Structure formats: C-alpha cells, structure tokens
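Within every chain, numbering begins at 1; the chains are lettered A, B, ... in the order of the sequence lines, protein sequences first and strands thereafter. Since this is a predicted model, take the numbers as computed values, not measurements.
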Amino acid sequence: MFSLPGYDSFLGFLLIAGAVPVLALITNKLLAPTPSPGERRLTYESGMEPIGGAWIQFNIRYYMFALVFVIFDVETVFLYPWAVSFHRLGLLAFIEALIFIAILVVALAYAWRKGALEWS
Amino acid sequence: MISPGLDLQMNFEQALESFGFSHEVAHILWLPLPMLLVLTAALIGVLVTVWLERKISAAAQQRIGPEYAGALGILQPMADGLKLLVKEDVIPKRADGFLFTLGPILVLIPVILSWLIVPFGQNLLISNVGIGIFLWIALSSIQPIGLLMSGYASNNKYSLLGGLRAAAQSISYEIPLALAVLAVVMMSNSLSTIDIVNQQNGAGFLSWNIWRQPVGFVIFWICALAECERLPFDLPEAEEELVAGYQTEYAGMKFALFYLGSYINLVLSALLVSILYLGGWGFPIPIEWLSTWLGESFNSPIFQLFAGSIGIVMTVLKAYLLVFLAILLRWTTPRVRIDQLLDLGWKFLLPISLVNLLVTAALKLAFPIAFGG
C-alpha cells in the first residue's frame, strides 16, 4: 500500500494530531456558553473604539529578509544530501561544497552591504 | 556494540498473528498504540512543564506559586486547561472567522506531528522514517504560516504586527538551526534519529555530540529558544508593545491551543537537543558496564527491559534539565529588540553555522574515526 516504509505511521499520526485541536474545539463548542452579542465582539484597541482596520497597505519591512531566507533555505536543502553521503564522497565533494557555500557567502555579503539585513 | 533493544511492535504483531489475525490486520491494530502513548506523554509533559514554569518563576521572584490544586499545586495546569475548555469562544466582529479558527489548528498540528521521530529507545519511537530529523525541520516551517494567518485574520493591529514578527523571527532562525542539525547529520551519515543517537553511544557521555559540536549545540539551543518564542526572544508577544501579539483577540479554547502548541514545542525542542547533542537515551557510562557489574547477561530479557526503562528515564531527564534551563532563562533575562534579534540571526548565527558546517566537514576528512567515518 505504501511504497516508502514507515509513512503509514505518518498518515495515522497526522489524523490523530489533527483530531486533537478539532476535538478540543468541538468540546469547547458543546460546553461553553453561546457568545453574547455586543461590545465584547469589538476589536481590541487598548479600550478605545478601533480606528480603521488592520487590512491596509503598509511597508512590512520584513520582505527583504523573506527573499534572503528563500535563497538560504534552498541552499540548506541542497546541502542535506551532500552531508548524508559525505563519508562516501571525500575531498572532491568538500571542495565543491566550499565553492557552493563561498558563492552564497558572497551573496550574503552583498545583501549585507546593500542594507537588506538592516532593520531601520 | 548496538543494543538490539526491545521490539514491542514485532512481539505484539506476532502475538496477534498467533491468535489467527492476518499480518496486515495485526499491523493496523498496532499502529495507533504508540501514537496514543506518545500523544499522552506529550500532554503530560506539557502539564508538568507548565507547573514547573509556575513554580520556578515563583521561586525566581520569591513567591510560593500555585499550592491549592493538588499537592504543591501539581493539578493547577489541569485546572487551567479545564477552565479554558468551558470558556466562551469570542470571534471579533471584523475578523475573518474561518482563518481565525484555522490559525491555532495549523500551529498545533505540526508540533504534535513532529513527535513522530522522537525516540525514547532503540525501538521506542512511532516510526523510524527515512528522512528522520529532516521531517521535523520541514514541519517546523508550517507553524509560522499558522501564526501569520491568525495575526492577519484577527484584523487587529497588534495581532498583525505580532504575526509578522513571529514569521520574520522563525525564518531568521530556521537556517542556522537547519545548518546546525546538518553538521550532526554529517557525523552520523544518516538523517534517522535512531542512527544519530547510536552514533553517540560508544563510550558513555564522552562520545556525546556536545563535545564534538560545542558551537553547533549553542547555535541549536539559541535557535530553538527563538523558534519557541521564549524569552529572550518572545518579541511576537511582547506585552509592553503588542499587548499579546497574534494571540490578542484569542480567548477560550483557541487561546489554549496556542498555549499548548508553544509548550509542546518547548518540550519537543528540549528532547531534540538531548537526542542530537546529549546522547538521547544513552546512559552517561556505557550500559554494557552495568550489565557486567550486575552480573546479568547483556542480551537477557530482564536486562533489556532494565536498559529500555533506563533509556526512557535518561531521555526525559536530559530533556527536563534543558526545560529547566529554558524556564530559568525566561525569568532572568530581558527581551532583545527586533533589530538585535534579526542581527543576531543573520549577521552572527548564519555565518557561524556555515563555518561550523565546513569545519565539521574538514575535521571529518582529517579524522574520519572521531567524526563518524
């Protein structure tokens, strides 16, 4: 049924892990009093009437980090197979990884220099 | 020498097959047992951790802490949980109801699912899947989506900022974390958590990874605290600035799901530190010595049972030492600023972890025996 060993447990545990929050919320729904209407459903804003919503356009500042993250996350994924089979590959693989990482370090230095990693 | 360990699954399935069940049926009947056991263990672990947190924080501030619910207030976390279970579920009028509910669910599922790969002994884990520790790294990337979702769906300015901060923080610390794990993987030549622990159990505590990966250990621990949003890295819910961050609009059971998720994640991180760096279920001295001292054959069933129990105790003990450290850190350190947090992740931990990986590779080439062949 499963071509990869051990993943039937993954599927089973996914169902059980999914059942925990769902059952908790259903129990809550059955036991808890029904929400009363009125002021309490107002958005919290330090006790004031909320001014405007949060679904507006503004500079979130983090998008540069997100871009750099994508680069390095892909790099990490590439390095995993290299690390697992490193004991069979030897010196050549080490030099190749060195070059690969060096290119990415240059990219990191560039992003750093350009101020992509600055908060302000 | 690798202990053969107890194989409960094989014994259980053989017992069922001797009653006349087919192999497939026996396998399917076995499947939910370890899962429910691990889930129960995780929930009890959370209750103990919450109690420890309240008691230790009280001690740090010279208070008594909970003391009425059960002896020493041990039932207090359970009472809190039951209280939240019967609380009214408030969804703000302007929020997106569907995403608002989905957020906490999406936060909780991956942290529970990661327990799939946590071993308590040679065969004492739910499933020894091939990608092992990588599964946890993959699953831990799902959590920020849930945080971002609940922050956005609340339609509250504090929640949105908290959700964005949570996402930025997780992505900043995920790469050093993955690279620290990578160095350990390189020494074990395997992603499987079982192989990672077995590789460390040659000579008692001297062969634990912490001696060969001290830098990796520190990187992993800092990143684990950041991923769990524990002080000094709890910016997404900084009270003074953001009320409660992405949790601001949450009440009742949905708030409890966030709470549960963060504590399950803390215990999970502590367990993974003990598996990756502190020898997992390994006893501080080689377990074979114990069998010699006790005059019991290493492969006798009694000794295997004894070794298995000691393994579980050791795993939990090491993990709870780290949980204790995390709690003590939370109540004794100030919070960093967001720019300091991002600087630490990108300008310090990321280059250091890359260097650590390359140094590990170089040392493995130079001293293949000491670094896993």
Side-chain angles (χ1 to χ4, degrees), chain A residues 4-10 12-14 16-18 20-22 24-25 27-29 31-36 40-46 50 53-55 60-62 65-66 68-69 72-73 75-76 79-80 83-87 90-91 94 97-98 101 104-105 108 112 117-120, chain B residues 31-32 35-36 39 85-94 101 104-105 108-109 112-113 116 126-130 134 155-157 159-160 164 167-168 171-172 174-175 178-179 182 185-186 189-191 243 248-249 252-253 256-257 338-339 342 346-347 350 354 358 361-362 364-365 372-373:
Chain A
L4 293 164
Y7 285 90
D8 46 352
S9 303
F10 179 82
F13 203 43
L14 182 63
I16 288 182
V20 173
V22 171
L25 288 179
T27 320
N28 181 230
K29 195 131 214 145
L31 293 179
T34 45
S36 43
R40 67 167 58 208
R41 291 192 62 206
L42 215 57
T43 304
Y44 174 78
E45 205 161 298
S46 304
W55 295 340
I60 57 172
R61 286 169 188 254
Y62 301 106
F65 288 98
V68 182
F69 166 74
F72 279 92
D73 212 30
E75 175 205 0
T76 317
L79 283 174
Y80 262 87
V84 174
S85 49
F86 184 69
H87 63 295
L91 188 64
F94 177 67
L98 207 61
I101 290 175
L104 282 152
V105 167
L108 181 68
W112 194 331
L117 305 180
E118 295 301 324
W119 164 246
S120 52
Chain B
L31 272 183
M35 296 172 190
L36 293 174
L39 187 64
L85 198 60
V86 294
K87 286 285 173 187
E88 182 179 323
D89 177 29
V90 182
I91 300 177
K93 219 184 305 180
R94 295 160 72 182
T101 312
I105 297 179
L108 189 60
I109 290 178
I112 298 182
L113 203 51
L116 189 78
I126 300 177
S127 173
N128 188 8
V129 289
F134 197 67
N155 199 358
N156 176 324
K157 287 148 202 156
S159 302
L160 183 60
L164 286 173
I171 64 170
S172 298
E174 208 164 281
I175 296 166
L179 289 173
L182 200 53
V185 165
M186 182 183 270
N189 305 323
S190 169
L191 289 164
V243 189
T248 306
E249 292 291 353
M253 205 57 221
L257 292 184
I338 184 83
D339 58 325
L342 294 170
W346 288 102
K347 297 182 181 171
L350 176 58
L354 278 172
L358 288 175
K364 193 177 160 80
L365 279 177

Please classify the contact between [X] and chain B as side chain, backbone, both or neither, with a heavy-atom cut-off of under 4.5 Å.
X      : value
A/I101 : side chain
A/W55  : both
A/V84  : both
A/V68  : both

Give the minimum heavy-atom separation between [X] and [Y], together with the two atoms involved.
X      : Y      : value
B/M35  : A/G12  : SD-C, 3.7 Å
B/E249 : A/T43  : OE2-CG2, 3.2 Å
B/I109 : A/P21  : CG1-CG, 4.0 Å
A/A24  : B/L257 : CB-CD2, 4.2 Å

Between [X] and chain A, which part of the residue has a heavy atom less than 4.5 Å away: side chain, backbone, both or neither?
X      : answer
B/L354 : side chain
B/A362 : both
B/L113 : both
B/V86  : both
B/L160 : side chain
B/L358 : both

Please determine, among [options], the option with the most heavy-atom pairs under 4.5 Å with chain A.
options                        : value
B/A167, B/A361, B/S172, B/P104 : B/A361
B/I112, B/L191, B/I105         : B/I112
B/I175, B/L36, B/L179          : B/I175
B/P32, B/S190, B/A168          : B/A168

Discussion item. Is it the case that over 12 heavy atoms from other parts of the model lie below 6.0 angstrom from the NZ atom of B/K347?
Written reply: yes
Quick one: which of [options] has the most heavy-atom pairs under 4.5 Å with chain B, could you say?
options                     : answer
A/F72, A/F94, A/F13         : A/F13
A/L108, A/T76, A/L25        : A/L25
A/L79, A/V105, A/V22, A/T27 : A/L79

Response to the item:
Rounding to 0.5 Å, atoms CZ (A/F86) and CG (B/L365) come to a distance of 4.0 Å
Worksheet item: Going from CG on A/L14 to CG on B/L116, what distance comes out if it is rounded to the nearest 0.5 angstrom?
Response: 10.0 Å
Practice prompt. For the pair A/F65 and B/W346, name the ring-plane relationship: parallel under 30°, tilted 30 to 60°, perpendicular over 60°.
Written response: tilted
Discussion item. Between A/N28 (side chain only) and B/K87 (backbone N and O only), is there a donor and an acceptor less than 3.5 Å apart?
Written reply: yes
